[in-house]
Protein chains: 2
Amino acid sequence: MYLYDMNLSQVEKISKALGDSHRLKILQQMQKNKGKLECTEACNLLSLAQPSVSHHIKKLVEAGLIHQYKIGRHYHYALNHEVLDMYREALKQL
Amino acid sequence: MYLYDMNLSQVEKISKALGDSHRLKILQQMQKNKGKLECTEACNLLSLAQPSVSHHIKKLVEAGLIHQYKIGRHYHYALNHEVLDMYREALKQL
DNA sequence: TTTATATATTGAAATATTTCAATGTATTAA
DNA sequence: TTAATACATTGAAATATTTCAATATATAAA
């Protein structure tokens, strides 16, 4: 799969996911935290109710920007660098 | 001004501007057309009423992604590559 | 098994965005 | 000066997104 292999509707979805300050803060915090974050951490960070944070995380997951996994009893989310790189490459063509 | 000199709220604004299929098509068409486009052209391309196209173009202008200029009696819009590059660089830090 | 912890889903209200008819502005051709 | 062309603005309806209380699910500790 080539880096530039991303269609307009994928670019739209990722742009939408990135077009919210809360979601950008989640991604920023993940970066500071070795690419990982817990949902509860994000709740504290954003001063948002837990379902709101869950909603934002879902948008990021649906855009393919992060993925969920588990360590012991805790859920984690991690940035998907490949998708972000593909997105950045796709924008080059504009 | 360094490429990575872009704050979170600018990234949010640009992402929002890119998060719409009509606006992405406008940018795509500009690319095909040596970086330029007329509003009327965009109306035909998108099958949208003229005020809607004007609205979308405004969003792109406000995000700094395109700028308006004139040739003779015609208005033109052109992609601002510098801003797009800065945006792509800012995303690298996520 | 019961309780606690972490996250997801649902549904509805609040808010933001998109769309277009009507109208305004600015420029140019006739 | 009048008419035509190109784009912008306003205001209101349609649509989409965000937010959270309530509730559900899933796992692990007690």
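Order of the sequence lines sets the chain letters (A, B, ...), proteins ahead of strands, with each chain counted from 1. Note that the structure is a prediction, hence the values are computed from the model and not measured. Computed over heavy atoms, backbone and side chain alike; hydrogens, waters and symmetry mates excluded.
- For A:Lys13, there are no side-chain hydrogen bond (donor to acceptor under 3.5 Å, both in side chains) partners, not counting sequence neighbours.
- B:Gln31 is linked by a side-chain hydrogen bond (donor to acceptor under 3.5 Å, both in side chains) to nothing, counting only residues two or more places apart in sequence or in another chain.
- Looking at residues two or more places apart in sequence or on another chain, you find a side chain to side chain contact (heavy atoms under 4.5 Å, CB included) between B:His55 and B:Arg23, B:Lys59.
- If you check every strand for non-hydrogen atoms under 4.0 Å, B:Ser52 touches a base.
- At distances below 3.5 Å, at least one donor-acceptor pair connects side-chain atoms of A:Gln10 with backbone N or O atoms of A:Asn7.
- In this entry the distance linking OH of B:Tyr75 with P of C:dT25 reads 13 Å, nearest Å.
- Residues from residues 21-33 of chain A lying near DNA chain C, meaning a heavy-atom separation below 4.0 Å, are absent.
- Every side chain to side chain contact (heavy atoms under 4.5 Å, CB included) that A:Lys92 has, sequence neighbours left out, goes to A:Glu89, B:Arg88.
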Checklist entry - Between B:Leu18 and A:Leu91, does a side-chain contact (heavy atoms from CB on, under 4.5 Å) hold up when you go through it step by step? => result CA-CA 10 Å; B:Leu18 293 173; A:Leu91 292 182; 4.1 Å; yes
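- For A:Lys16, the side-chain atoms get nearest to D:dT17 when compared with the rest of C:dT17, D:dA21, D:dT17.
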Next on the checklist: Walk along nucleotides 8-15 of chain D from 5' to 3' and tag each nucleotide B, S or - by protein heavy-atom contact under 4.0 Å, base first, then sugar-phosphate.
Outcome noted: BB------
Which side-chain N or O atoms in residues 40-54 of chain A pair as donor and acceptor under 3.5 Å with protein atoms at least two apart or in another chain?
{"residue": "A:Glu41", "atom": "OE1", "partner": "A:Glu38", "partner atom": "N", "Å": "3.4"}
{"residue": "A:Glu41", "atom": "OE2", "partner": "A:Asn33", "partner atom": "ND2", "Å": "3.1"}

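- Contacts of B:Lys16 classified as salt bridge (charged side-chain N to carboxylate O under 4.0 Å, His left out), with partners at least two apart in sequence or in another chain: B:Glu12.
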